[in-house]
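Just so you know, these numbers use all the heavy atoms, side chains as well, and skip hydrogens, waters and symmetry mates.
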Amino acid sequence: MRFQRIVLLAALCSAEALARAPATLEDLQALGSQKAWAELLERAEDVAPAARSDAWRALVTDAAVAQAAAGTSDDKDPFAATRKARTLGQRYAFLAQTPRFATARDEVARKDLEHCLDLDRDKCLDTYLELNPDVGSEGALQAARAVRKGHHAYVPMPLFAAAVGGKKDAGACKDDGLAETVVAALGLPATDPRAVSAKKVAFDACWSALGPKLKAAMVGASSYHLANTCQPMRAHKALTEMQEDLCKDEGL
């Protein structure tokens, strides 16, 4: 009897699934008006690819933004909400080019990063970057500012580099925290990835904004700092005669 009940239940479930017609755009619009975001995303792919119009993408975006913003994380997995937003972005590839979703995704990731840092967990920054590789400039800048609190100044260098994005004279170049982080990262061994990023930001993208601070940082600079800066400072014709002599004394 128990086996028969199981078979009957399975048959009923299968019949119900078969009986439910694929969702139409009108169905999705109705779900959107009800703010049934989870169900909307569950059924959005019922619509044939050829029929996925701008209206369809707008509905999916609304649902994805709402679901990302509603995501929650806990102490067991501080990045649970970020993982959910990442899954949505991978499922609907067009979302990566949608500013509203990108903003919501980056905001969720920043909150999760702060949660992880508050818990004093290891590799919070590494996990953030792994799960949010397409972070936008503003999102990266906000995350960098969060990481600067209570950490060595050079730690958020990868985030500041992401905020600059390799763009010459990017808006992030004028951030005071970026300047402090770049100078600190230039004091690391030349093979350290953060020092490599700092050199690109300092001497390629943000020279106009950082030049005066980089010149000032040459005073009493460490051997690591000189190794990272003598040649590019010379290329910018920014070394004083005394600094040139100091670099030469270091064989640089």
Side-chain angles (χ1 to χ4, degrees), residues 78-79 82 106 109-110 112-114 116-117 119-236 238-239 243-244 246-252:
F79 286 96
T82 300
D106 291 351
R110 180 189 60 78
D112 281 359
L113 174 60
E114 291 181 333
C116 184
L117 294 171
L119 294 172
D120 200 24
R121 296 286 176 82
D122 293 331
K123 299 185 177 180
C124 292
L125 179 53
D126 290 342
T127 303
Y128 171 93
L129 291 169
E130 177 185 351
L131 294 176
N132 205 25
D134 300 322
V135 60
S137 178
E138 183 60 27
L141 191 59
Q142 294 300 326
R145 290 169 177 166
V147 172
R148 285 188 70 236
K149 301 173 184 177
H151 293 80
H152 293 297
Y154 55 75
V155 173
M157 189 63 238
L159 292 169
F160 278 121
V164 171
K167 296 178 182 177
K168 189 173 180 62
D169 298 326
C173 292
K174 298 178 182 179
D175 187 90
D176 289 338
L178 179 143
E180 181 183 344
T181 291
V182 166
V183 170
L186 289 171
L188 297 171
T191 55
D192 191 301
R194 292 165 295 194
V196 175
S197 293
K199 289 176 68 174
K200 291 179 180 178
V201 170
F203 300 108
D204 295 338
C206 298
W207 173 255
S208 296
L210 299 183
K213 294 180 180 179
L214 293 170
K215 293 176 185 178
M218 293 293 288
V219 178
S222 68
S223 57
Y224 283 149
H225 186 96
L226 293 174
N228 285 317
T229 59
C230 280
Q231 291 186 18
M233 289 288 283
R234 185 180 292 121
H236 280 283
L239 292 174
Q243 290 167 349
E244 181 68 56
L246 181 61
C247 288
K248 289 180 179 179
D249 287 344
E250 293 285 330
L252 301 167

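Closest approach of T82 and A109 over heavy atoms only: OG1-CA, 3.3 Å. L159 approaches A140 most closely through the heavy-atom pair O-CB, 3.5 Å. The two residues L239 and M233 make their nearest non-hydrogen contact at CD2-CB, 3.7 Å. The heavy-atom pair separating S137 from A163 by the smallest distance is OG-O, 2.6 Å. The two atoms that bring A217 and V183 nearest to each other are CB-CG1, 3.9 Å, heavy atoms only. Pairing each heavy atom of C173 with each of A205, the nearest pair is SG-O, 3.9 Å.
With contacts defined as side-chain heavy-atom distances shorter than 4.5 Å, the pair V155/R148 does not qualify. In this structure, the side chains of L214 and T229 stay at 4.5 Å or more apart for every pair of heavy atoms. Proximity of D106 to E138: side-chain heavy atoms (C-beta onward) are nowhere separated by under 4.5 Å. Contact check for L119 versus P78: side-chain heavy atoms found under the 4.5 Å cut-off. Two residues are said to be in side-chain contact when any heavy atoms from C-beta on lie closer than 4.5 Å; E250 and C230 fail this criterion.
Expressed to the nearest 0.5 Å, how far OH of Y224 lies from OG1 of T191 amounts to 8.0 Å. Taking CG from N132 and OG1 from T127, the interatomic distance works out to 12.0 Å, rounded to the nearest 0.5 Å. Distance check, rounded to the nearest 0.5 Å: OG of S222 to CG of N228 gives 8.0 Å. Taking CG from D175 and CZ from F160, the interatomic distance works out to 5.0 Å, rounded to the nearest 0.5 Å. The structure places NE2 of H236 at 10.0 Å from NZ of K215, a figure rounded to the nearest 0.5 Å. From L117, atom CG reaches atom NZ of K149 across 10.0 Å, with rounding to the nearest 0.5 Å.
For the side-chain contact (heavy atoms from CB on, under 4.5 Å) with M157, the lone residue among V182, L178, D192 that qualifies is V182. Partner C124 forms a side-chain contact (heavy atoms from CB on, under 4.5 Å) with one of L129, L113, V147 and no other, that one being L113.
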Where do D204 and K168 land on the side chain to side chain contact (heavy atoms under 4.5 Å, CB included) test, with the steps shown first? CA-CA 7 Å; D204 295 338; K168 189 173 180 62; over 6 Å; no
Intermediate values then yes/no, side chain to side chain contact (heavy atoms under 4.5 Å, CB included), D126 and E130: CA-CA 6 Å; D126 290 342; E130 177 185 351; over 6 Å; no
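Atom NE2 of H152 has 12 or fewer heavy atoms from other residues, nucleotides or ligands within 6.0 Å. Taking a 6.0 Å sphere around CD of E114, one finds it holds more than 12 heavy atoms contributed by other residues, nucleotides or ligands. Within a 6.0 Å sphere centred on CG of D249, heavy atoms belonging to other residues, nucleotides or ligands number more than 12.
In terms of modelled atom types and a separation under 3.5 Å, the side chain of T181 and the main chain of Y154 share no donor-acceptor contact. Between the side chain of R234 and the main chain of L252, a donor-acceptor pair closer than 3.5 Å is present.
Using a cutoff of 4.0 Å between basic side-chain nitrogens and carboxylate oxygens, D176 and K213 are scored as salt-bridged.
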